Amino acid sequence: FNNYMSVKGATDEQMSTVGDCIHNTFCILVPHDEDNNIVKAQRVIDGYNMQNHLDAKTLSDRFKMFYDKLVELYGAPEKVYHELPFFYDNGNGSIVRGSMDYVFETAKGCVLVDFKTNPQGKKVLNKLTDKGKPNEHYTGNYNTQYTCYATALEKAGKKVIAKLVYYPVGGFIAELK
């Protein structure tokens, strides 16, 4: 970790598509199946026409580093969920519905992970920009999203032990408290 992943020549306008491509690649990768993961990643990259900006082996390696870090921090998972759908009644007459990018369930509980591809690096950890204005990409801005995820898991009888944001482009994981 702690090294920036090259997104070769992608413009700011293309970064949303780059993010979708990385996100959808991570949805189908399987831990420690590098050869197949590279093939799968290449298929997704080709489907998004991102061949000039992303490398399949690099994405496979990023996923492996991410998964191995979770195992190091929380132990081996009992289950892993990609794009876990949820819905629940919020008690105010509304249904909260969505899907969680990644849930890493261990014997101790669930680790919630959302993938964000913001290329600003660790600047996303700052509440304010360099110019003193609110940082729209501040990691803490995702707390409401994670509260919905945690509520859904808790209503399903699961315990949440950590809430993480993984920035594969920036090469780091941030924990929400």
Side-chain angles (χ1 to χ4, degrees), residues 1-34 36-71 77 79-87 96-105 110-125 135-150 152-153 160 162-176:
F1 283 114
N2 289 322
N3 61 335
Y4 191 81
M5 180 178 88
S6 175
V7 181
K8 303 171 270 190
T11 64
D12 287 345
E13 294 78 29
Q14 291 171 313
M15 280 308 295
S16 177
T17 304
V18 166
D20 290 344
C21 183
I22 292 171
H23 181 275
N24 288 328
T25 299
F26 284 2
C27 285
I28 62 170
L29 299 185
V30 176
H32 301 286
D33 190 12
E34 281 79 13
N36 285 326
N37 283 347
I38 292 169
V39 171
K40 290 176 186 177
Q42 190 61 57
R43 253 189 262 131
V44 176
I45 290 167
D46 292 347
Y48 277 91
N49 198 26
M50 288 283 116
Q51 306 88 328
N52 294 330
H53 308 297
L54 294 170
D55 176 73
K57 179 163 181 358
T58 300
L59 287 184
S60 176
D61 289 348
R62 284 290 164 143
F63 182 79
K64 181 182 182 307
M65 285 189 315
F66 156 74
Y67 180 85
D68 289 348
K69 186 57 142 178
L70 291 183
V71 171
K79 279 189 161 182
V80 172
Y81 304 93
H82 295 265
E83 291 301 313
L84 180 64
F86 70 89
F87 68 92
V96 178
R97 173 184 320 265
S99 64
M100 299 172 224
D101 285 0
Y102 198 80
V103 178
F104 187 85
E105 186 174 6
C110 294
V111 178
L112 294 172
V113 182
D114 205 64
F115 304 124
K116 302 292 184 193
T117 53
N118 189 297
Q120 292 183 358
K122 291 194 176 179
K123 287 182 181 181
V124 298
L125 300 175
N135 182 354
E136 68 179 292
H137 302 291
Y138 170 56
T139 300
N141 292 343
Y142 302 114
N143 272 320
T144 301
Q145 175 183 350
Y146 279 83
T147 297
C148 290
Y149 295 168
L153 287 173
V160 175
K163 301 175 211 170
L164 308 176
V165 181
Y166 176 41
Y167 293 93
V169 174
F172 67 96
I173 296 172
E175 183 171 11
L176 292 171

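Treat the numbers as computed from the prediction; the structure is a model and nothing was measured. FYI, the numbering just counts along the sequence from 1.
In plain terms, the two heavy atoms of His53 and Ala10 that are nearest each other are ND1-N, 3.4 Å. Here the closest non-hydrogen pair linking Ala150 and Leu112 is N-CD1, 3.8 Å. For the pair Phe63 and Pro31, the tightest heavy-atom approach, listed with the atom from each and the gap, is CE2-N, 3.8 Å. Between Cys21 and Val44 the shortest heavy-atom distance is O-CG1, 3.7 Å. Contact between Val18 and Met50 at its shortest, heavy atoms only, is CG2-SD, 3.5 Å.
With sequence neighbours excluded, the residues satisfying salt bridge (charged side-chain N to carboxylate O under 4.0 Å, His left out) with Lys116 are Asp114. The side-chain contact (heavy atoms from CB on, under 4.5 Å) search around Thr11 returns Glu13, Gln14, not counting sequence neighbours. Every residue meeting the salt bridge (charged side-chain N to carboxylate O under 4.0 Å, His left out) condition with Asp61, not counting sequence neighbours, appears here in chain and number order: Lys57. With sequence neighbours excluded, the residues that form a side-chain hydrogen bond (donor to acceptor under 3.5 Å, both in side chains) with Asn36 are Asp33. Partners of Glu175 according to the salt bridge (charged side-chain N to carboxylate O under 4.0 Å, His left out) rule, which considers only residues two or more places apart in sequence or in another chain, are Lys177. Applying the ring pair (Phe, Tyr, Trp, His ring centres under 6.0 Å) criterion to Phe86, with sequence neighbours excluded, gives Tyr149. For Gln42, the side-chain contact (heavy atoms from CB on, under 4.5 Å) partners are Ile45, Asp46, Gln51, Ala56, not counting sequence neighbours. Residues satisfying the side-chain contact (heavy atoms from CB on, under 4.5 Å) criterion with Asn141, sequence neighbours excluded, are Tyr138. Residues that satisfy the salt bridge (charged side-chain N to carboxylate O under 4.0 Å, His left out) test with Asp68, not counting sequence neighbours, are Lys64. Remark: Asn49 pairs with no residue by the side-chain hydrogen bond (donor to acceptor under 3.5 Å, both in side chains) rule, at least two apart or across chains. Qualifying side-chain hydrogen bond (donor to acceptor under 3.5 Å, both in side chains) partners for Tyr48, counting only residues two or more places apart in sequence or in other chains: Asn24. Legend: residues meeting side-chain contact (heavy atoms from CB on, under 4.5 Å) with Thr147, ordered by chain and number and at least two apart, are Thr151.
Using cut-offs of 30° and 60° on the angle between ring planes, the pair His23 and Phe115 is perpendicular.
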*Let me see the working for Val113 and Phe66 under side-chain contact (heavy atoms from CB on, under 4.5 Å), right down to the final yes or no.*
CA-CA 10 Å; Val113 182; Phe66 156 74; 3.6 Å; yes
*Under the side-chain hydrogen bond (donor to acceptor under 3.5 Å, both in side chains) rule, what do Glu34 and Ser60 come out as? Steps first, then yes or no, please.*
CA-CA 6 Å; Glu34 281 79 13; Ser60 176; 5.6 Å; no
*Given side-chain contact (heavy atoms from CB on, under 4.5 Å), test Tyr81 with Met100 step by step and report yes or no.*
CA-CA 8 Å; Tyr81 304 93; Met100 299 172 224; over 6 Å; no
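Between Val165 and Ile173 the shortest side-chain heavy-atom distance does not fall below 4.5 Å. In this structure the side chain of Leu153 reaches within 4.5 angstrom of the side chain of Leu84, judged on heavy atoms. Using a 4.5 Å heavy-atom cutoff, the side chains of Pro77 and Glu105 are not in contact. Using a 4.5 Å heavy-atom threshold, the side chains of Leu70 and Leu164 count as touching.
Taking OG from Ser6 and CG from Asp55, the interatomic distance works out to 9.0 Å, rounded to the nearest 0.5 Å. Atoms CZ and CZ, from Arg62 and Phe26 in turn, are 8.0 Å apart once rounded to the nearest 0.5 Å. Atom CD1 in Ile22 sits 9.0 Å away from atom OH in Tyr166 (nearest 0.5 Å). How far CD of Gln145 is from CG of Asp101: 7.5 Å, rounded to the nearest 0.5 Å.
Judged by distance alone, with hydrogens and angles left aside, the side-chain atoms of His82 form no donor-acceptor pair with the main-chain N or O of Tyr102 at under 3.5 Å. When atom types are taken as modelled, the side chain of Asn37 and the backbone of Val30 share a donor-acceptor pair closer than 3.5 angstrom.
Atom NZ of Lys8 sits in a crowded spot, with more than 12 heavy atoms from other residues, nucleotides or ligands closer than 6.0 Å.
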